[in-house]
Amino acid sequence: MYQISELAESVGLSRATLLYYEKLGLLKGKRLANGYRVYSDADRQRLRLMQQLQAGGLSLQECQACLDGKLDREMLGQRLAVLDAEIAEKGKSRDLLAALLGQSSLKDWHEEVERVAPDLHRAWLMSQGFSSAEAGLVALVSKDMNAHDAYMAGFMQVFADLDWWGPGTAEATRRALSLVPFAPETILEIGCGPGMATMTLTEATAARIAARGLNDRIEVQNVDMAAILAPERPWDVIWSEGSAYILSVEKALTDWRALLRPGGVLVFSDMVWRIDKPDDEVRAFWAAEYPTMATPTTRVAQARRAGYRVLGHFDMGREAMDTYYRPLAARLEALEPALAGSRVLDDLRREIAVFKAGRGQFGYEMFVLERV
């Protein structure tokens with residue numbers, strides 16, 4: 001037999017709690033002639049069972065029902081569903097904390113935050129020590145701040161020997177230049193990559209500009225595309241093939257406009273939707289890889305709101321896509337032994353597969369805009 005203080009100590013509860021349980025009818029001690037309450041081992045086991053039921057989330061009232069043999073299976077099912085949802089949320093919280101500590105991948109988290117709050121996502125990455133350009137690469141390319149350097153090393157290993165780092169052709173570059181209504185004296189190319197467009201622009205403008213040595217006409221600088229200083233003399237033309245998306249097209253339209261002279265021209269290319277309802281696989285892929293991808297109509301509207309007149313825009317065509325994806329596929333095959341098991345290899349292979357499956361559903365568009 002147990003006195004109330006002994007029973008309370010044996011089950012880890014207070015004397016006041018046991019008195020409360022008696023008041024509720026959950027516990028029934030016997031009062032001796034001397035007035036003391038005593039409890040049996042069955043009472044102790046009943047309390048232990050109640051503790052187990054409470055650990056499952058049952059209220060005292062529900063515990064009593066169970067102890068009295070009145071299991072409410074519907075109620076228990078509802079409680080289980082709530083508990084499963086709570087566990088799932090706790091699991092997500094745990095996974096995020098582990099990822100932030102570098103114990104697992106942040107890919108899914110970066111993709112979701114980039115989709116719902118891209119500006120704050122980039123700002124937060126910059127608060128972690130990334131430049132704005134690096135923040136864009138983390139958000140859209142590596143998608144894991146903890147593994148960014150290693151990912152980009154593999155990424156650059158793939159692209160180092162490729163002429164084209166994005167869809168494009170010399171013909172598309174020349175066609176866009178033909179829409180510029182004046183002979184530019186100065187062109188700022190942003191995100192030039194290996195310089196394919198640079199060489200085409202140099203050759204195409206040679207007849208318009210007094211003959212000078214090539215080195216006198218090109219100056220290469222490695223600067224953050226989001227922090228380009230305004231020159232003493234604003235640029236005639238800003239050219240960006242396949243790189244504005246890293247900054248975000250809308251931000252690029254606003255920021256780069258300030259670098260142009262009145263009447264100056266911004267030329268950029270961008271991946272766009274060609275149909276309103278792409279296949280689920282294709283839409284899901286680009287929702288993760290480029291969540292702000294839009295149609296040409298949307299880009300034109302954004303340009304006008306940003307203070308531009310649209311001089312023209314055109315589909316760069318299948319050739320531009322093949323110029324990029326065919327050499328990329330060959331390069332991945334050649335590097336498979338070196339990159340086996342890497343996410344770089346998996347990501348780029350998936351992109352190529354989506355390109356093949358989604359022909360005609362998306363493509364590259366060139367835009368030629370005049371600052372007004």
Side-chain angles (χ1 to χ4, degrees), residues 1-125 127-128 138-139 143-147 280 283-284 287-288 291:
M1 302 295 286
Y2 300 88
Q3 292 186 3
I4 190 168
S5 57
E6 295 172 332
L7 179 61
E9 183 179 0
S10 71
V11 296
L13 296 174
S14 69
R15 183 175 184 279
T17 298
L18 296 188
L19 291 174
Y20 178 65
Y21 284 178
E22 282 216 33
K23 183 178 180 181
L24 294 178
L26 294 169
L27 186 64
K28 295 180 181 178
K30 294 181 180 179
R31 190 176 293 275
L32 299 178
N34 59 11
Y36 287 107
R37 290 186 178 85
V38 293
Y39 303 88
S40 66
D41 192 61
D43 294 321
R44 185 187 65 81
Q45 293 186 37
R46 180 181 177 87
L47 288 171
R48 285 297 193 191
L49 180 54
M50 282 177 53
Q51 290 174 320
Q52 293 296 314
L53 293 172
Q54 284 182 296
L58 273 66
S59 67
L60 289 175
Q61 183 179 4
E62 291 162 349
C63 287
Q64 185 170 20
C66 285
L67 290 170
D68 291 342
K70 300 175 181 177
L71 279 174
D72 187 337
R73 300 190 65 83
E74 182 179 354
M75 178 274 295
L76 292 177
Q78 293 172 351
R79 188 60 54 82
L80 179 61
V82 170
L83 187 58
D84 284 341
E86 291 175 353
I87 291 172
E89 285 301 314
K90 293 295 184 183
K92 290 180 181 178
S93 298
R94 192 265 174 207
D95 291 345
L96 174 56
L97 293 176
L100 289 171
L101 289 170
Q103 298 175 10
S104 59
S105 174
L106 273 169
K107 182 175 183 292
D108 292 343
W109 182 77
H110 278 302
E111 286 183 351
E112 179 63 14
V113 178
E114 181 66 15
R115 184 183 68 81
V116 300
D119 293 341
L120 288 177
H121 185 203
R122 311 294 180 89
W124 183 81
L125 286 167
S127 75
Q128 303 304 303
V138 172
K143 300 181 182 178
D144 190 340
M145 56 182 274
N146 296 318
D280 290 344
R283 178 173 288 282

**Asked** In terms of the angle between their ring planes, are His110 and Trp124 parallel, tilted or perpendicular, with boundaries placed at 30° and 60°?
**Response** tilted
**Prompt:** For Gln45, what residues pass the side-chain hydrogen bond (donor to acceptor under 3.5 Å, both in side chains) criterion, not counting sequence neighbours?
**Reply:** Asp41
**Prompt:** Can you name the side-chain hydrogen bond (donor to acceptor under 3.5 Å, both in side chains) partners of Gln64, sequence neighbours left out?
**Reply:** none
Mind checking side-chain contact (heavy atoms from CB on, under 4.5 Å) for [X] and listing every partner two or more places apart, or none if nothing turns up?
{"X": "Glu6", "result": "Tyr2, Gln3"}
{"X": "Asn146", "result": "Leu106, Asp144"}
{"X": "Asn34", "result": "Leu32, Tyr36"}

**Asked** Run the side-chain contact (heavy atoms from CB on, under 4.5 Å) check on Leu80 and Leu76 step by step: do they pass?
**Response** CA-CA 6 Å; Leu80 179 61; Leu76 292 177; over 6 Å; no
In Å and rounded to the nearest 0.5 Å, what is the [atom1] to [atom2] distance from [X] to [Y]?
{"X": "Ser104", "Y": "Arg94", "atom1": "OG", "atom2": "CZ", "value": "7.0 Å"}
{"X": "Leu60", "Y": "Met50", "atom1": "CG", "atom2": "CE", "value": "5.5 Å"}
{"X": "Leu7", "Y": "Glu9", "atom1": "CG", "atom2": "CD", "value": "10.5 Å"}
{"X": "Arg79", "Y": "Glu62", "atom1": "CZ", "atom2": "CD", "value": "4.0 Å"}

**Cationic N near anionic O, under 4.0 Å, Lys90 to Glu86** = no
**Asked** Got a sec: does the CD of Glu74 have more than 12 other heavy atoms crowding it under 6.0 Å?
**Response** no
**Flag if over 12 foreign heavy atoms under 6.0 Å of CG, Asp84** = yes
Restricting to non-hydrogen atoms, name the atom on [X] and the atom on [Y] that form the minimum distance, rounded to 0.1 Å.
{"X": "Pro291", "Y": "Ala287", "value": "CB-O, 3.4 Å"}
{"X": "Cys63", "Y": "Gln54", "value": "SG-CG, 3.7 Å"}
{"X": "Glu114", "Y": "Arg122", "value": "OE2-NH2, 2.7 Å"}

Atom pairs and distances, donor-acceptor, side-chain atoms in residues 11-26, under 3.5 Å, two or more places apart:
unit_1	atom_1	unit_2	atom_2	d
Ser14	OG	Thr17	N	3.1
Ser14	OG	Thr17	OG1	2.8
Glu22	OE2	Tyr39	OH	2.2

